[in-house]
There are 2 protein chains.
Amino acid sequence: MKKLKVAIIGFGTVGQGVAEIILNKAEDLEKSDGVAFEVTAVSDMQKGSLLDATGVDLAAALNAVKEGGTLESCGGAMPGRTAIETIAECDADIVLEATYTDIKTGEPATSHVKAAIDRGMHVATTNKGPVVLFARELIDRAAAKKVRFLFEGTVMSGTPTLSFAMRNLAGCEIRGIQGILNGTTNYMLTEMENGKPYDEALAQAQELGYAEAVPDADVEGFDAVGKVVILSNLLLGAKIAPGDVDREGITKITPGQIADAAAAGKRYKLIGSAKRAAGGAIEASVRPVALPLSDPLAGVGGATNALTFDTDLLGPVTVVGAGAGRTETGFSLYADMIEIARGA
Amino acid sequence: MKKLKVAIIGFGTVGQGVAEIILNKAEDLEKSDGVAFEVTAVSDMQKGSLLDATGVDLAAALNAVKEGGTLESCGGAMPGRTAIETIAECDADIVLEATYTDIKTGEPATSHVKAAIDRGMHVATTNKGPVVLFARELIDRAAAKKVRFLFEGTVMSGTPTLSFAMRNLAGCEIRGIQGILNGTTNYMLTEMENGKPYDEALAQAQELGYAEAVPDADVEGFDAVGKVVILSNLLLGAKIAPGDVDREGITKITPGQIADAAAAGKRYKLIGSAKRAAGGAIEASVRPVALPLSDPLAGVGGATNALTFDTDLLGPVTVVGAGAGRTETGFSLYADMIEIARGA
């Protein structure tokens with residue numbers, strides 16, 4: 001049996017989500033792939049760090065942080081140890097980067113990713129910061145070290161989109177993408193279509209934990225812009241930054257516009273899209289679009305996400321699935337780990 | 001550069017479709033993967049056989065059969081050579097099986113597949129016959145010879161479904177599937193919803209080449225049953241045959257039923273589904289279902305196909321795309337070839 005040592009950097013919702021999956025699926029994975037993942041390090045800025053070359057007690061660690069607690073009382077606790085120090089000392093095969101996202105600087109995640117790659121470790125991350133800003137550089141850096149840098153969870157959480165395009169659609173040319181890439185705004189638009197005004201739809205999204213207290217990242221389209229940048233740079237050979245994406249959020253959509261669209265057999269969706277224009281330039285945008293009901297994206301309601309790839313050989317191919325969630329996003333890291341294990 | 005020799009068995013629509021892709025994409029594939037596919041044999045029951053260890057002239061072969069012609073005048077022509085003889089002599093790395101489907105006996109395709117595997121050749125097929133009847137046996141036979149037996153194109157043509165489930169959803173448990181697996185009937189139901197009676201919808205589907213003169217395989221649900229069997233046996237660990245699937249076609253659906261469904265906010269779709277029932281038995285069916293418009297499958301119109309996987313970690317994940325077509329089905333073989341090249 002092949003054993004791969006794993007370090008979890010960032011032990012919030014996503015870090016805990018993947019830890020639960022690693023625990024629950026260990027037996028299945030051993031059977032299907034002859035692989036065992038052993039978590040030898042956990043590091044979280046608030047909760048502390050664990051390091052144990054023989055494997056940390058993941059169940060105990062999950063239990064310790066359950067009610068907002070820290071890792072201090074767990075075996076292998078390393079008081080004051082930082083993420084960078086943990087990466088330097090953990091001797092892991094795979095580092096999972098799941099700290100908080102800063103889309104402006106990409107830090108501290110980018111430093112974590114670089115530190116791990118430079119030590120010859122594979123990296124999987126759900127963190128949009130490093131990927132929006134430095135995907136190509138980090139992919140090349142990983143390739144030079146003969147390791148993988150994967151980030152399935154940065155788009156539509158664990159629903160396979162990047163791996164789908166890179167592996168399953170290999171051989172097709174991807175000419176463009178368009179999708180519903182933000183679950184919060186799609187939930188709100190669905191509620192508005194059911195008659196709620198914007199403010200009520202937002203309040204409900206906040207109550208359900210979909211939207212933040214300051215909801216700008218979602219409702220102004222910034223979150224979707226990040227995903228359009230990732231997709232454009234990875235799949236369309238673009239080299240764009242968030243500022244290159246035409247952006248309009250959903251804050252100005254009125255109940256009247258939604259009713260008018262419905263009367264015309266259409267439905268508003270916040271659509272992120274990118275395509276190669278004549279001359280090779282990339283046209284990328286995030287904006288509300290009134291789609292005809294016959295469009296596969298029009299039927300995608302609630303917090304669900306969907307992404308259509310326009311291809312030369314297959315025409316349009318669409319993937320519909322969860323766009324967020326503890327287990328769903330945790331799964332993206334697990335899927336990346338399996339991909340690394342199968343290739344490693 | 002890695003060179004892989006390919007034999008094309010069956011040079012009808014699908015065989016020609018993949019040949020065109022191999023020709024058109026050669027340069028791209030060399031650049032992306034450092035792989036070249038060289039077709040060293042073509043064999044077709046009606047059109048004749050070609051064999052040339054240095055590579056047949058694929059463009060000439062495509063041109064020769066364009067207007068219903070044969071391969072007789074092409075270089076490397078082997079008058080009277082059968083498919084089995086061609087497989088025995090072609091020394092290919094990969095055999096593409098694209099002869100006609102016989103879902104009752106699986107022949108002659110199953111004999112072709114076995115002959116190729118037994119000679120240590122990888123096999124990719126679009127032929128539902130061998131896969132519906134003998135998938136597990138043929139997968140095991142290939143594994144024993146350390147070669148792959150792939151059949152992406154048997155479900156939703158080249159739209160990735162089987163590889164999606166096996167590779168991208170690895171780590172998830174797939175608890176069930178449901179989908180629109182037949183494009184002809186979905187086209188007809190869409191037309192009926194637009195006001196056409198059954199007979200007119202069928203005539204139009206026949207005119208467009210979607211439906212056969214004897215349309216039973218589509219309209220009675222047999223085609224979808226085959227796909228449900230393939231999905232059940234491959235993804236749900238079932239061991240079922242077509243007779244184990246509860247089957248009802250679309251021939252008895254009346255305009256009145258369709259109107260009633262529309263009034264209730266629903267839409268009829270011919271749904272193929274399978275799931276593990278309590279106790280572990282598989283419940284599999286193909287039948288018309290009036291879906292609420294909020295279901296991702298309800299919005300799939302025309303000849304498009306769609307398949308939802310119910311998973312433990314991601315919830316429902318749906319893939320929507322082409323279900324048929326010369327290039328689309330040809331692409332499924334090409335995708336299988338790339339998968340073999342990447343793993344080989």
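All figures in this text were calculated on a predicted structure; none of them were measured in a lab.
Between chain B and the options A:Ala298, A:Ala322, A:Ser332, A:Ser163, the largest number of non-hydrogen pairs under 4.5 Å is found for A:Ser163. Among the candidates A:Ala170, A:Gly301, A:Pro296, A:Ala335, the residue making the largest number of heavy-atom pairs closer than 4.5 Å to chain B is A:Ala170. Interface summary for chain B: among A:Gly299, A:Gly17, A:Pro160, A:Gly321, the most heavy-atom pairs under 4.5 angstrom belong to A:Pro160. Ranked by heavy-atom pairs shorter than 4.5 Å toward chain A, the options B:Ile338, B:Leu29, B:Thr304, B:Asn24 are led by B:Ile338.
Both the backbone and the side chain of A:Asn168 come within contact range of chain B, with heavy atoms under 4.5 Å apart. For chain B, the nearby part of A:Asp312 is the side chain; its heavy atoms alone come within less than 4.5 Å. A:Phe164 touches chain B through backbone and side chain together, each having a heavy atom under 4.5 Å away. Both the backbone and the side chain of B:Leu314 come within less than 4.5 Å of a heavy atom of chain A. Heavy atoms of A:Leu313 lying under 4.5 Å from chain B belong to its backbone as well as its side chain. Both the backbone and the side chain of A:Glu173 come within contact range of chain B, with heavy atoms under 4.5 Å apart. Looking at A:Val300, there are no atoms closer than 4.5 Å to chain B (heavy atoms on both sides), in backbone or side chain.
B:Glu328 contributes atom CD, which lies 9.5 Å from atom SG of A:Cys172 (distance to the nearest 0.5 angstrom).
Among all heavy-atom pairs drawn from A:Arg342 and B:Arg167, the shortest one is NH1-CA, 4.0 Å.
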